[in-house]
Trainee: 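Below are the structure tokens for one structure; questions will follow.
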Amino acid sequence: MHDPTETPSLADPVTGDPVRPVSGLPRVLVVDDEASLRHLLRVILERLGYPLVEAGDGEEALALLDAHPDVRIVLSDVRMPRLSGLDLLRRLRERGVFVVMMSAYASTDLAVEALREGAYDFISKPFRADEIRACLQRIVEREQLAEENRKLRARVREQEEIDGFIGRSAAAREVMAVIERVASYPSTVLLTGESGTGKELLAHALHRRSPRADRPLVAVNCAAIPENLLESELFGHERGAFTGANRAHAGLFEQADGGTLLLDEIGDMPLVLQAKLLRVLEDGRVRRIGASRDLPVDVRVVAATARDLAEDAERGRFRRDLYFRLNVVHVRIPPLRERVDDIPLLTEVLIERAANRLGRDVRGASPEAMRCLVEFPWPGNVRQLENALERAVLMASGPRVELNDLPAELRHHGDADASPSTDGLLHAVPADTSDLSIKRHGAELERALIREALVRTGGNRSQAARLLDISYKALVYKVRNYGLEES
Ligand SMILES: Nc1ncnc2c1ncn2[C@@H]1O[C@H](COP(=O)(O)OP(=O)(O)OP(=O)(O)O)[C@@H](O)[C@H]1O
Ligand SMILES: [Mg+2]
């Protein structure tokens with residue numbers, strides 16, 4: 001074992017040219033049973049500036065790799081006692097290191113076998129110093145390129161993600177922009193969207209991006225707690241306030257003091273409590289049940305619901321005054337089927353996350369699988385997509401998710417009867433019609449296509465125009481003409 005202590009000379013060992021100063025060269029592990037060869041490689045590598053460690057056989061090499069996780073390149077002899085080079089190579093396959101095999105008994109067969117087993121390169125002994133240099137240089141450049149790509153991808157993705165919420169559709173970008181803009185203020189935020197659209201994710205993003213991030217985020221599901229308990233959960237109670245109140249209890253508002261309180265499923269909060277909540281929001285003070293004094297609290301409230309609060313308020317199921325108080329900043333997250341642009345990106349990222357979590361080597365989806373994913377209406381939104389992809393990653397036998405890896409209900413969706421939104425398309429030409437006028441049926445088809453485009457884009461006309469391949473102006477005209485204003 002040897003660690004370089006002398007300053008490496010910065011001259012090329014062969015040409016004598018100055019080697020461009022390189023910082024952060026990867027550590028190399030040299031494995032050979034011949035001490036003289038290790039010595040030779042040490043001289044070469046030190047001159048090139050590579051930090052290195054040395055092992056006399058495969059077993060020792062494995063132990064050294066554990067001790068030096070920064071080793072990126074292994075230069076290994078083939079014939080060695082104990083664990084041979086090829087066996088070592090097989091053991092290293094999962095480790096993500098570059099293995100270069102060296103042998104004096106170089107035959108094409110051996111080289112081919114080494115490469116097939118995952119070696120990066122094969123060098124026959126005796127070698128020249130510049131062969132070693134060129135080989136290592138290729139690896140370093142390849143790594144740098146990969147690193148730059150990784151960084152680039154991360155940067156691109158950054159604008160398409162805040163704290164785990166991903167999207168690139170106009171609607172998703174708008175949601176992210178509003179979250180970013182309001183996060184630092186104490187204003188109440190109302191998040192609405194169908195189940196699985198990421199309301200909870202965004203509540204966490206709001207908290208993390210606020211000056212309150214180092215204080216607690218306390219979440220309560222208003223639908224999950226029985227009505228009689230919810231009040232004391234939220235506002236707390238004094239000892240003896242009611243039967244069973246054996247000790248005083250600080251409510252969630254007090255627990256969230258200085259931080260954020262997420263009132264999830266607020267649409268399900270009983271009306272009586274809604275009145276009390278409104279008072280707390282307006283006064284910034286809570287009173288525990290059974291207490292005679294108010295306590296000041298500094299809490300940022302984020303409310304979330306899958307219900308249509310405006311309609312509930314209209315019908316008297318939700319207090320109008322509370323609705324208006326919560327509605328100051330209202331972030332509506334459209335269902336996934338109305339922002340199909342997000343599906344390919346979500347698919348890519350969610351597959352990557354699932355694969356990392358499950359330790360599987362799967363990336364991306366085949367075009368057929370992607371088409372299926374984009375066409376499915378996703379009633380359970382991103383949560384459902386996430387679950388389907390996790391399953392697909394487990395099922396996948398190849399390097400990417402194929403159509404067959406997707407759950408059957410996705411694959412057969414639309415087989416027998418069309419989804420409601422494509423209904424119009426399929427029935428644009430009734431089978432038993434005697435009228436074959438292209439003009440009349442053409443208009444019907446056009447109307448159906450426009451309707452479909454508007455449904456898919458959540459009524460976003462510029463996006464719909466793009467899907468339909470017509471100008472925005474033409475679309476506005478046609479929408480009026482076909483009486484599709486409500487779509
Ligand atoms: N835009 C998104 N990008 C990445 N992941 C998302 C996105 N939206 C939702 N998810 C994921 O989907 C799952 C459901 O999200 P979340 O719990 O935030 O939904 P929700 O709107 O609170 O649903 P519910 O109303 O059922 O409580 C989570 O695993 C979340 O990480
Ligand atoms: Mg939720």
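All residue numbers in this chain count up from 1 along the given sequence. As the structure lists them, so they are numbered: ligands from 1, and atoms in each ligand from 1.
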Trainee: Nearest 0.5 Å, what's the CG-CZ distance between Asp268 and Arg307?
Mentor: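 Output value for this atom pair is 5.5 Å.
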Trainee: In the protein, what heavy atom is nearest to atom 19 (O) of ligand 1, and what distance, to one decimal place, separates them?
Mentor: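 Of the protein heavy atoms, Gly198 N, 3.2 Å lies nearest.
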Trainee: Work out which heavy atom in Ile333 is nearest to a heavy atom in Gly198; give both atom names and the distance.
Mentor: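 The pair with the smallest heavy-atom distance is CD1-C, 4.4 Å.
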Trainee: For Asp121 and Arg138, which heavy atoms make the closest approach, and how far apart are they?
Mentor: OD2-NH2, 2.7 Å
Trainee: How close do Trp378 and Leu373 get, heavy atom to heavy atom, and via which atoms?
Mentor: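 In terms of heavy atoms, the two residues are closest at NE1-O, 2.8 Å.
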Trainee: Is any side-chain N of the basic residue among Asp298 and Arg212 closer than 4.0 Å to the acidic one's carboxylate O?
Mentor: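 The answer is yes: the pair qualifies as a salt bridge.
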Trainee: Give the residue and atom name of whichever protein heavy atom lies nearest to atom 22 (O) of ligand 1, and the separation in Å to one decimal.
Mentor: Glu200 N, 3.2 Å
Trainee: Under 4.0 Å from a heavy atom of Ile166: give me the atoms of ligand 1 that qualify, with their elements.
Mentor: 1 (N), 2 (C), 3 (N), 4 (C)
Trainee: Do Glu375 and Arg371 pass the salt bridge (Lys or Arg N to Asp or Glu O under 4.0 Å) test, and can you show the C-alpha distance, the side-chain angles, and the key distance before you say yes or no?
Mentor: CA-CA 6 Å; Glu375 281 171 6; Arg371 189 167 328 121; 5.3 Å; no
Trainee: With a 3.5 Å cut-off and sequence neighbours excluded, list the donor-acceptor pairs that the side chains of residues 173-184 form with protein atoms.
Mentor:
residue : atom : partner : partner atom : Å
Arg173  : NE   : Arg168  : O            : 3.2
Glu180  : OE2  : Arg209  : NH1          : 3.3

Trainee: What are the atoms of ligand 1, with element, lying closer than 4.0 Å to any heavy atom of Thr197?
Mentor: 8 (N), 9 (C), 19 (O), 21 (O)
Trainee: Would you mind listing which atoms of ligand 1 come within a distance below 4.0 Å of any non-hydrogen atom of Glu386?
Mentor: 11 (C), 12 (O), 13 (C), 28 (C), 29 (O), 31 (O)
Trainee: Students should be able to answer this: which protein heavy-atom is nearest to atom 10 (N) of ligand 1, and at what distance?
Mentor: Val382 CG1, 3.4 Å
Trainee: Is the shortest N/O to N/O distance between Leu346 and ligand 1 below 3.5 Å?
Mentor: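 No, no N or O pair falls under 3.5 Å.
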Trainee: Ligand 1 and Leu350, any nitrogen or oxygen pair closer than 3.5 angstrom?
Mentor: no
Trainee: Which heavy atom of the protein is the closest neighbour of atom 23 (O) of ligand 1, given with residue, atom name and distance?
Mentor: Gly196 N, 2.8 Å
Trainee: Which atom names give the shortest non-hydrogen contact between Ile73 and Val71, and what distance separates them?
Mentor: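 Nearest heavy atoms, Ile73 then Val71: O-CG1, 3.5 Å.
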Trainee: Please state which option from Glu265, Glu194, Lys199 has its nearest heavy atom closest to atom 20 (P) of ligand 1.
Mentor: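 Nearest option to atom 20 (P) of ligand 1, by heavy atoms: Lys199.
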Trainee: Under 4.0 Å from any heavy atom of Gly164, which atoms of ligand 1 are there?
Mentor: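 That gives atoms 3 (N), 4 (C), 5 (N) of ligand 1.
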Trainee: Out of Arg383, Glu161, Arg307, indicate the one that has the non-hydrogen atom closest to atom 17 (O) of ligand 1.
Mentor: Arg383
Trainee: Is ligand 1 less than 4.0 angstrom away from at least one heavy atom of Gly193?
Mentor: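 So Gly193 does not count as touching ligand 1.
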Trainee: Heavy atoms only: which of Ala203, Ala304, Gly167, Ser195 is nearest to atom 26 (O) of ligand 1?
Mentor: Ser195
Trainee: Can you find a heavy atom in the side chain of Arg461 that is under 4.5 Å from one in the side chain of Val479?
Mentor: yes
Trainee: Can you pull out every ring pair (Phe, Tyr, Trp, His ring centres under 6.0 Å) where at least one residue sits in residues 242-264? Sequence neighbours excluded, please.
Mentor: Phe235-Phe253, His237-Phe242, His237-His249
Trainee: May I ask you to check whether Leu201 has an N/O atom sitting below 3.5 Å from an N/O atom of ligand 1?
Mentor: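 In this structure, Leu201 places an N or O atom under 3.5 Å from an N or O of ligand 1.
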